[in-house]
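To start, the structure itself, in structure tokens.
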Amino acid sequence: MKYFRMPLVGLLSATLLVAGVGTATADDAPQGSARSGTAPLRALADRAGLRIGTAVDMAALADDTAYRRMVGREFDSVTAENVMKWEVVEPARGTYDWSGADELVRFARERGQVVRGHTLVWHSQLPGWLTTGVADGSIGAAELRSILRKHVTTEVKRYKGRIQQWDVVNEVFEEDGSLRDSIWLRELGPSYIADAFRWAHAADPKAKLFLNDYNVEGVNAKSTAYYDLAKRLRAEGVPVQGFGIQGHLAIQYGFPGDVPENLARFARLGMQTAFTEVDVRMILPADAEKLATQAAYFRGLLDACLGSRSCRSFTVWGFTDKYSWVPGVFAGQGAATLTGEDYGRKPAYAAVREGLMEGR
Ligand code: G3I
């Protein structure tokens with residue numbers, strides 16, 4: 001995927017370079033004092049009326065004690081990085097594997113965390129039996145629609161009452177605002193989007209249902225396509241309650257313009273907003289200047305969220321470079337998260353911490 005950015009205007013703060021840089025505490029208990037710098041992010045977020053979340057890599061959660069402790073200590077919202085995706089939960093037709101998703105939901109409940117469900121309808125990480133069946137014609141349009149309905153209903157029902165926000169449809173627009181070519185659009189036409197929201201709502205009427213995408217932080221053709229879609233769906237009574245802004249930024253492309261204005265227009269529709277997958281990558285190697293810019297970008301998105309009453313949660317797409325998806329996809333890039341591979345806090349961690357302390 002490609003990410004285009006507009007130039008950064010006045011976000012860099014030299015103080016971010018020095019403030020609060022230190023080593024993360026491996027303590028699963030969300031305690032500590034804000035003034036001494038030991039209060040976890042979730043305690044500060046709570047005071048600011050915000051959920052602070054992270055994507056969770058279930059293999060790391062099982063194998064890495066420091067990782068597990070930090071997920072529990074620092075965050076009050078979790079998102080499955082992969083284990084709620086279709087290819088994982090239904091690897092063979094009619095054969096389900098809920099083990100990872102169940103484990104995350106249980107982990108969260110024990111720690112008083114909410115769960116963001118990610119994701120029900122996507123063009124990527126589909127099971128092989130489904131893509132092959134559509135490609136060879138053995139699964140036709142009518143059957144595909146009923147397969148999709150069953151998938152959405154089965155997964156949402158399984159976690160009914162335990163998922164706060166569901167990313168119902170993920171990444172359905174191209175950069176120019178046209179609908180993305182996918183098996184869903186090709187076989188079912190654009191009505192699959194409204195159908196998915198209706199099915200999800202029927203399965204768990206209390207879950208907040210989100211559209212979710214990248215490169216939609218600011219006002220642009222893609223975010224405007226979402227705005228128009230949301231407006232139309234809501235006018236038709238389709239249960240769409242939230243707009244999820246992933247927030248995968250890269251310092252070499254600049255900071256997106258008009259982020260507060262973008263949040264405000266969705267708020268005016270009566271919708272919630274959320275930052276759902278924030279990370280800020282850079283061309284390696286990292287240095288002090290790049291890390292300061294990264295910190296300012298994290299802070300820029302967080303401040304936009306804190307500045308809008310519609311924005312209820314701010315989720316990072318992993319909190320340690322040790323398990324970040326970035327280097328595997330963007331060769332030569334990385335260092336995209338709040339802490340290093342050794343969990344040492346970067347200026348970005350301090351920036352998020354300061355932002356939460358300042359509050360709304
Ligand atoms: O689970 C298999 C494992 O069994 C196998 O041995 C291994 C070999 O490559 O692959 C494993 O699956 C990988 C999976 O991550 C779990 O590690 C997939 O190959 C790999 O493609 C997958 O990448 C994920 C990616 O979505 C898939 O598109 C990333 O971890 C995940 O961070 C990323 O997350 C997406 C969001 O869902 C949507 N927004 C963009 C974001 C970043 O791309």
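Whatever order the structure lists them in is the order used to number ligands and atoms, beginning at 1.
Atoms of ligand 1 found under 4.0 Å from any heavy atom of H248 (numbered from 1 in listed order, with element): 40 (C), 41 (C). Atoms of ligand 1 found under 4.0 Å from any heavy atom of N170 (numbered from 1 in listed order, with element): 38 (C). The contact set between ligand 1 and Q246, taken as ligand atoms under 4.0 Å from a residue heavy atom, comprises 39 (N), 40 (C). For ligand 1, the atoms sitting less than 4.0 Å from at least one non-hydrogen atom of E171 are 38 (C), 39 (N), 40 (C), numbered in the order shown with element in parentheses.
Scanning for side-chain hydrogen bond (donor to acceptor under 3.5 Å, both in side chains) contacts around Y226 gives D213, with sequence neighbours left out.
Residues Y159 and D204 form no side-chain contact, since every pair of their non-hydrogen atoms from C-beta on lies 4.5 Å or further apart.
Figure legend: R180 and F173 shown without cation-pi pairing, the cationic atom not lying both under 6.0 angstrom from the six-membered ring centre and within 45 degrees of its axis.
Closest heavy-atom approach to atom 35 (C) of ligand 1 among the candidates Y214, W325, W317: W317. Considering only non-hydrogen atoms, atom 15 (O) of ligand 1 lies nearest to N82 out of N82, V326, T79.
Closest approach of S223 and G218 over heavy atoms only: OG-O, 2.7 Å.
Hydrophobic cluster membership differs between W122 and M84, with clusters built from Ile, Leu, Val, Met, Phe, Trp and Tyr side chains linked at under 4.5 angstrom.
Not one N or O of W122 is nearer than 3.5 Å to an N or O of ligand 1, by distance alone.
For W86 and H151, the ring centers are positioned less than 6.0 Å apart.
Residue contact annotation: N212 has no non-hydrogen atom under 4.0 Å from ligand 1.
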